[in-house]
Every structure is written in C-alpha cells, then in structure tokens.
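Have a look at the structure below, then the notes.
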Number of protein chains: 2
Amino acid sequence: MADAYLADTLDPRTIVMTVRQDVHSAGIPVLCQSCEARHRGICGALDPDQLVGLAKTSSKHTVEPGSELMGDAETVDSYSNVLSGVVKLTKSLSDGRQQIVALQFAPDFLGRPFKVESVINAEAATAVSLCSFPRASVERMMRESPDLEHRLLKQTLNELDDARDWMVTLGRKTAAEKVASFLLMIARNIDPTLDPNTNPTSFELPLTRADIADFLGLTIETVSRQLTRLRTDGVIRIDNNRHVTVDSLARLASRSGA
Amino acid sequence: MADAYLADTLDPRTIVMTVRQDVHSAGIPVLCQSCEARHRGICGALDPDQLVGLAKTSSKHTVEPGSELMGDAETVDSYSNVLSGVVKLTKSLSDGRQQIVALQFAPDFLGRPFKVESVINAEAATAVSLCSFPRASVERMMRESPDLEHRLLKQTLNELDDARDWMVTLGRKTAAEKVASFLLMIARNIDPTLDPNTNPTSFELPLTRADIADFLGLTIETVSRQLTRLRTDGVIRIDNNRHVTVDSLARLASRSGA
DNA sequence: CAAAGGCTTTGACCGAAATCAAGGTATCGG
DNA sequence: CCGATACCTTGATTTCGGTCAAAGCCTTTG
C-alpha cells in the first residue's frame with residue numbers, strides 16, 4: 001500500500017499538497033481523516049469512483065512562495081481544505097504594490113470554482129497542511145451534490161462578509177485602529193471559541209510585519225510603531241516578535257474603531 | 001384583476017419594492033416580466049404555490065434613504081432583483097464614518113440568504129426599480145431548487161471577486177488612481193458591453209461626490225480635486241456635475257494603477 | 001425673479017502616515 | 001561560537017490627503 005500522507009506540517013511559506021494514497025482500502029472517512037470532522041459535507045460527498053480518480057492523481061506538490069495556487073488553473077489543478085496553518089490570499093498591482101485580500105484558516109476551503117479572470121495568489125503564511133482534491137473531481141461533485149454547493153455558498157457568503165468588513169477597515173480606519181482590528185481578527189480566528197471575556201489571551205502572530213502591512217494597507221514601519229504604542233500603553237505584550245498576549249480584549253476592541 | 005406594478009422608476013434615494021399583483025392569471029413568466037429575461041433561474045424557479053404566497057404578500061413599499069434593507073430581517077422581509085438604477089451597500093463605524101462596500105447594478109440580486117450578524121445598509125443611489133420576493137418564498141425556493149442556489153453561488157463568487165479587487169484599490173492606490181478606477185468601474189458597469197476601444201464614452205455618474213468619497217475611502221474635497229485634475233489634463237469632461245465623457249478609456253485606465 | 005439650500009470647487013494650512021536612514025535583534029548554518 | 005541574513009524598531013524628514021474655510025453653481029420653491 002502506498003505511503004499515506006496526511007496533514008503534514010510544513011515549513012512556513014511553502015504549500016505542500018497531500019492526498020492520502022490508500023483511499024481504496026479505507027473508504028470515504030479515511031480519505032480525509034482530518035478534515036472529515038470539520039468538512040463532512042465536502043469530503044463526505046465523494047463517491048467511490050471519485051476516490052479512485054483521486055488515488056490516481058494524488059501526489060505531493062511543493063509550490064514556491066509567491067507562485068499562484070489559484071487563478072491559474074494550469075499551475076495547480078486542485079482544490080484544498082486548509083487543515084492547519086494560515087494561507088494568505090494576495091493581489092498585486094503591476095508595479096508590485098501588494099494587498100492581502102483574505103486569510104484562510106482551518107477549516108476553510110481553498111479554491112475558486114467556476115474560474116473567472118480574477119487573479120489571486122495563495123501563499124502559506126505559516127506552516128500549512130492541506131487536504132487536496134483534483135479540480136475535476138470537485139467540479140463533478142459539485143454538479144452532483146447540491147449539499148456540497150450549499151456548503152460552498154455558505155462559506156462564500158461568509159467570505160464576502162469578511163471582505164466587506166475589511167473594506168471598512170481599509171477605507172476608513174486610522175493606522176492605530178487597523179492594527180488593533182488586525183490583532184482582534186487574528187485572536188478570534190485562531191481560537192473561534194474565544195470568549196471575549198477570557199483575559200488574558202495569547203497567540204502566535206501568523207504573519208510577519210510586512211504581511212501585516214500588506215493586509216492593512218500600511219507600511220512596515222507604521223505597523224511596527226503602532227504595535228510599539230499598544231505595547232507601551234500596556235494593551236498587549238509581545239515576546240519573540242511573534243507571541244502576543246492581550247491583557248484585555250475589551251481594551252483592544254475599544255481601540256479598533258468598532 | 002389587481003393593478004400590475006412593475007419596474008416603476010422612482011425618485012433617487014428611495015427604494016420602492018413592487019410585486020406584480022396578477023400572478024394567478026399570468027403564471028410564472030408574468031410574475032417578473034422584466035427580470036425574467038435576465039434572471040430566468042431566480043424567477044423561473046418559483047412554483048404556483050409560491051406565486052400564491054407572493055400575491056398575498058405583494059405590496060408597494062417605500063423605504064427611506066439610509067434605512068436598512070438588509071441585515072435586519074424584520075425591517076424589510078424580502079429579496080429583490082435590481083431592474084434598473086444603482087443601489088449602494090454601506091457599512092458604518094459607530095462614530096459615523098461610512099464606507100460603501102459595493103454597488104449593485106441591474107441585474108444583481110439584492111438580499112442576504114442565511115442571514116448572519118453582519119450589518120449592511122442598502123440604499124438607492126439613483127432612481128431604482130426593483131422586483132421583490134418575500135423572504136420566506138425565496139428561502140423555500142432555494143431549498144428546493146439547486147439551480148437557484150447555483151446561480152446565487154455564481155453571483156456571490158463574482159461579488160467576492162469584486163470586493164477583493166476593491167480592497168486593493170482601498171489599501172494600495174493613491175487618490176488619483178482611486179478616482180480613475182472608480183470612473184472605469186462605473187463605465188464598465190453601466191454598459192457591460194462596452195468595448196474598451198470605443199471612444200469617446202459617456203455616462204451619468206450614479207453617485208454624488210460624497211458617495212464617491214465613501215466608496216473610495218477619501219474625502220469629498222480630494223475627490224473633487226482629482227476630478228478637476230482629470231478634467232484639466234483632458235482625460236475626461238464633466239457636464240452638469242454628473243455627465244462624464246471619457247475621451248480615451250485607455251488613457252483613463254493608465255491612470256488607474258492597473 | 002429672488003432667495004434658499006444643497007452640492008461642488010478651490011485655497012490655505014495641518015497632520016498622519018510614508019519615506020529615508022540607521023541600528024537592533026533573532027535565527028540559522030558553518 | 002560566530003558571522004550572515006532576515007526581520008524588526010526607531011528617528012528624522014517629507015508628502016499626500018485631510019481639515020477648515022469660503023465662495024461658486026445649480027436646482028428648487030415661493
């Protein structure tokens with residue numbers, strides 16, 4: 001039996017796509033053991049024929065940072081569930097200015113059905129593990145399974161809400177509010193069960209200062225200065241540049257511009 | 001037979017919802033004569049029982065500018081197709097700062113299925129005509145018709161792409177680029193068949209300077225100055241504050257930051 | 001027609017964030 | 001351990017867009 005890859009944890013800034021090889025022996029629940037718990041609808045909707053197809057095309061890809069995972073069907077012909085880690089979706093202007101337009105956390109679905117012209121790059125921001133499916137199988141599944149499409153619609157609507165919320169941040173908030181909003185957003189996504197009254201809270205920042213700047217429409221220096229200000233004001237503590245402790249989420253929220 | 005309202009053209013900044021009254025006699029194609037051509041999937045999926053329900057609940061609503069059409073299910077309990085005109089979707093911060101997060105042109109579908117907490121206001125930017133359906137009917141339709149859900153997924157994916165494109169504009173473009181991008185976007189949406197080589201092109205601006213500012217994350221004054229600059233540089237002409245003539249779309253595009 | 005009010009333009013000035021420029025700090029390979 | 005490298009912080013200065021203020025223009029209304 002072939003080696004079974006699943007949920008490998010990889011070096012940051014590299015996305016490796018893995019598909020479990022032993023689909024035949026294990027059946028649907030084993031195909032995607034990790035995401036089965038969270039993506040029952042997406043993984044569970046595969047039928048045996050599709051699993052055979054998956055087994056044939058499964059392979060371990062390594063994709064260089066910055067290369068397109070989405071928006072270019074030829075590059076990487078697959079859809080994935082994010083099992084752990086953070087994937088950043090970016091768009092760039094011709095002169096190199098970049099904007100991160102979304103962060104994908106587990107258990108988000110990564111891929112753009114019904115491809116359109118829009119070019120988005122997907123890049124691993126941290127160590128990322130993915131469970132991938134061939135594009136063709138997913139698209140067939142979608143045609144055959146209204147339930148899958150329903151789940152996808154719900155995720156897409158949520159992503160649309162997130163995007164529009166972030167538009168307010170980009171268009172109307174000050175640098176200080178942007179950075180506070182960012183920290184809150186990360187805290188909530190890293191631990192979705194987070195109770196706003198649980199203090200203190202701490203987490204690892206999944207992004208570099210440069211990434212944060214690209215997400216907030218700021219420069220590295222401004223991000224750094226605002227983080228310093230939050231630190232000297234006693235709102236947060238930062239250890240090793242990445243580990244953030246928030247004493248009072250409410251205090252942070254009050255600086256986020258509501 | 002009841003009076004048949006359809007596709008009324010209304011005063012700017014007022015949304016009036018209309019549902020044709022004579023559904024019984026006319027059947028599905030008549031329910032929504034105007035949008036039938038463009039929204040076949042959404043309107044055509046209604047079954048006769050639902051039409052009866054529609055007839056009972058149909059009425060002519062007038063909604064004040066700034067009041068919530070979406071995000072508050074109790075306020076206006078319906079979904080609509082935009083038949084003509086432009087609807088702006090806005091989000092606000094607690095202190096009143098506002099951001100327009102999307103513009104809806106015909107034949108967009110207006111409404112948020114599977115309501116989430118996100119609060120978005122919808123307001124008519126110009127004279128707008130709408131074809132509306134009771135919320136309950138649309139949600140039942142969606143449960144019963146995978147085709148409707150498929151169409152909705154496609155529109156939602158397109159809106160997500162638009163939102164993410166605009167995030168780049170908000171986060172990374174200069175004021176001059178933002179205004180040029182806005183004019184291009186309007187030109188393309190008002191006439192989707194627009195050939196980029198057809199010059200000159202002219203259209204009515206659907207937004208006031210204040211709205212444009214709220215869409216671009218700028219102030220009124222900055223928008224005005226940038227429009228003046230485009231005018232003095234000979235890129236556009238503006239008559240009566242609203243009628244814009246673009247001599248060369250390519251020249252405008254070159255200022256939009258790509 | 002005249003007055004009023006809303007929208008737009010323009011000008012002068014200001015300030016938040018960008019840019020430019022050093023340094024400092026953590027991590028990794030040898 | 002040490003040097004190299006990438007990432008981060010801090011300071012000085014500049015600049016783009018915001019703020020404040022005033023005037024022009026267009027439409028509405030009596």
Side-chain angles (χ1 to χ4, degrees), chain A residues 11-14 65-66 93 95-99 125-127 169-183 204-233 236-244 255 257, chain B residues 11-13 65-66 95-99 125-127 169-183 204-233 236-244 255 257:
Chain A
D11 287 337
R13 306 183 67 83
T14 300
L93 299 176
D95 64 0
R97 282 174 286 175
Q98 202 176 44
Q99 176 70 46
T126 66
T169 299
L170 289 173
R172 289 302 185 197
K173 289 187 185 175
T174 64
E177 291 169 338
K178 285 179 176 181
V179 171
S181 300
F182 170 76
L183 292 175
E204 294 294 313
L205 275 185
L207 301 186
T208 64
R209 303 292 186 269
D211 283 338
I212 298 173
D214 280 347
F215 195 36
L216 294 172
L218 299 172
T219 60
I220 299 176
E221 294 94 326
T222 299
V223 170
S224 179
R225 278 186 251 269
Q226 296 301 333
L227 286 173
T228 299
R229 187 138 169 276
L230 287 172
R231 220 172 333 114
T232 59
D233 289 357
I236 60 173
R237 225 157 47 81
I238 304 182
D239 301 305
N240 291 325
N241 276 342
R242 287 294 190 111
H243 191 82
V244 175
R255 291 177 176 239
Chain B
D11 286 338
R13 305 183 68 83
D95 64 359
R97 282 174 286 176
Q98 201 176 45
Q99 177 70 45
T126 66
T169 299
L170 289 173
R172 289 302 186 198
K173 289 187 185 174
T174 64
E177 289 168 339
K178 285 179 177 182
V179 172
S181 300
F182 170 76
L183 292 175
E204 295 294 314
L205 275 185
L207 302 186
T208 64
R209 303 292 188 270
D211 283 338
I212 299 172
D214 280 347
F215 195 35
L216 294 172
L218 299 172
T219 59
I220 299 177
E221 294 93 327
T222 300
V223 170
S224 179
R225 278 187 252 269
Q226 295 302 333
L227 286 173
T228 299
R229 188 138 169 277
L230 286 172
R231 223 174 328 118
T232 59
D233 289 358
I236 61 172
R237 227 158 45 83
I238 304 183
D239 301 305
N240 292 324
N241 275 343
R242 287 294 190 109
H243 191 83
V244 176
R255 292 178 176 237

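Here the structure is a predicted model, which means the values were calculated and not measured. Letters A, B, ... mirror the listed sequences (proteins, then strands); counts begin at 1.
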- How about B:N240: does its CG atom have over 12 heavy atoms from other parts shown lying under 6.0 Å from it? no

- Note on the structure: Walking DNA chain D from its 5' end, the first of A:R172 and A:S224 to be reached, judged by nearest nucleotide, is A:S224

- Query: Whole-Å distance between C:dT8 P and B:L227 CG?
  - Reply: 10 Å

- Query: Side chains of A:L205 and A:F182: closer than 4.5 Å at any heavy-atom pair?
  - Reply: yes

- Determine, for B:D214 against A:R172, whether the closest basic-nitrogen to carboxylate-oxygen distance falls under 4.0 angstrom. yes

- Item | Euclidean distance, atom NZ of residue B:K173 to atom P of D:dG17 [Å, nearest integer] | 14 Å

- Task: Indicate whether OP1 or OP2 belonging to D:dG18 is found under 4.0 Å from a side-chain N or O atom of B:T222.
- Result: yes

- Indicate, yes or no, whether a donor-acceptor pair under 3.5 Å links the base of D:dC16 to the side chain of B:Q226. no

- A:E221 has a side chain; which of D:dG17, D:dT9, C:dC20 sits nearest to it? C:dC20

- Query: Below 3.5 Å, does any donor atom in the side chain of A:R225 face an acceptor in the base of D:dG11, or the other way round?
  - Reply: yes

- Take atom CG of A:N240 and atom P of C:dT25, then tell me their distance rounded to the nearest Å. 13 Å

- Query: Any donor-acceptor pair under 3.5 Å joining the side chain of A:R242 to the base of C:dT25?
  - Reply: no

- Message: Rounded to whole Å, please give me the gap between CG in A:L205 and C1' in C:dA26.
- Response: 15 Å

- Reckon B:L218 touches a base, only the sugar-phosphate, or nothing at all at heavy-atom distances under 4.0 Å? sugar-phosphate

- Note on the structure: note: B:N241, atom CG; C:dG5, atom P; distance rounded to Å ~ 20 Å

- Are A:T219 and C:dT19 close enough that a side-chain N or O sits under 4.0 Å from OP1 or OP2? no

- Task: Starting at atom CD1 of A:I238, determine the distance to atom P of D:dT9, rounded to an integer number of angstrom.
- Result: 6 Å

- For B:I236 and C:dT9, give me the distance from atom CD1 to atom C1', rounded to whole Å. 14 Å

- Message: Classify B:R229 by what it touches in the nucleic acid, base, sugar-phosphate, or nothing, heavy-atom distance under 4.0 Å.
- Response: nothing

- Message: Under a 4.0 Å threshold between the charged nitrogen and the carboxylate oxygen, would A:D211 count as salt-bridged to A:R209?
- Response: no

- Item | Electrostatic pair A:R237:A:D239 at N-O distance under 4.0 angstrom | yes

- Note on the structure: In whole angstroms, the gap separating P of D:dC20 from CD1 of B:I220 amounts to 13 Å

- May I ask you to evaluate whether B:R209 reaches the phosphate of C:dC7, defined as a side-chain N or O under 4.0 Å from OP1 or OP2? no

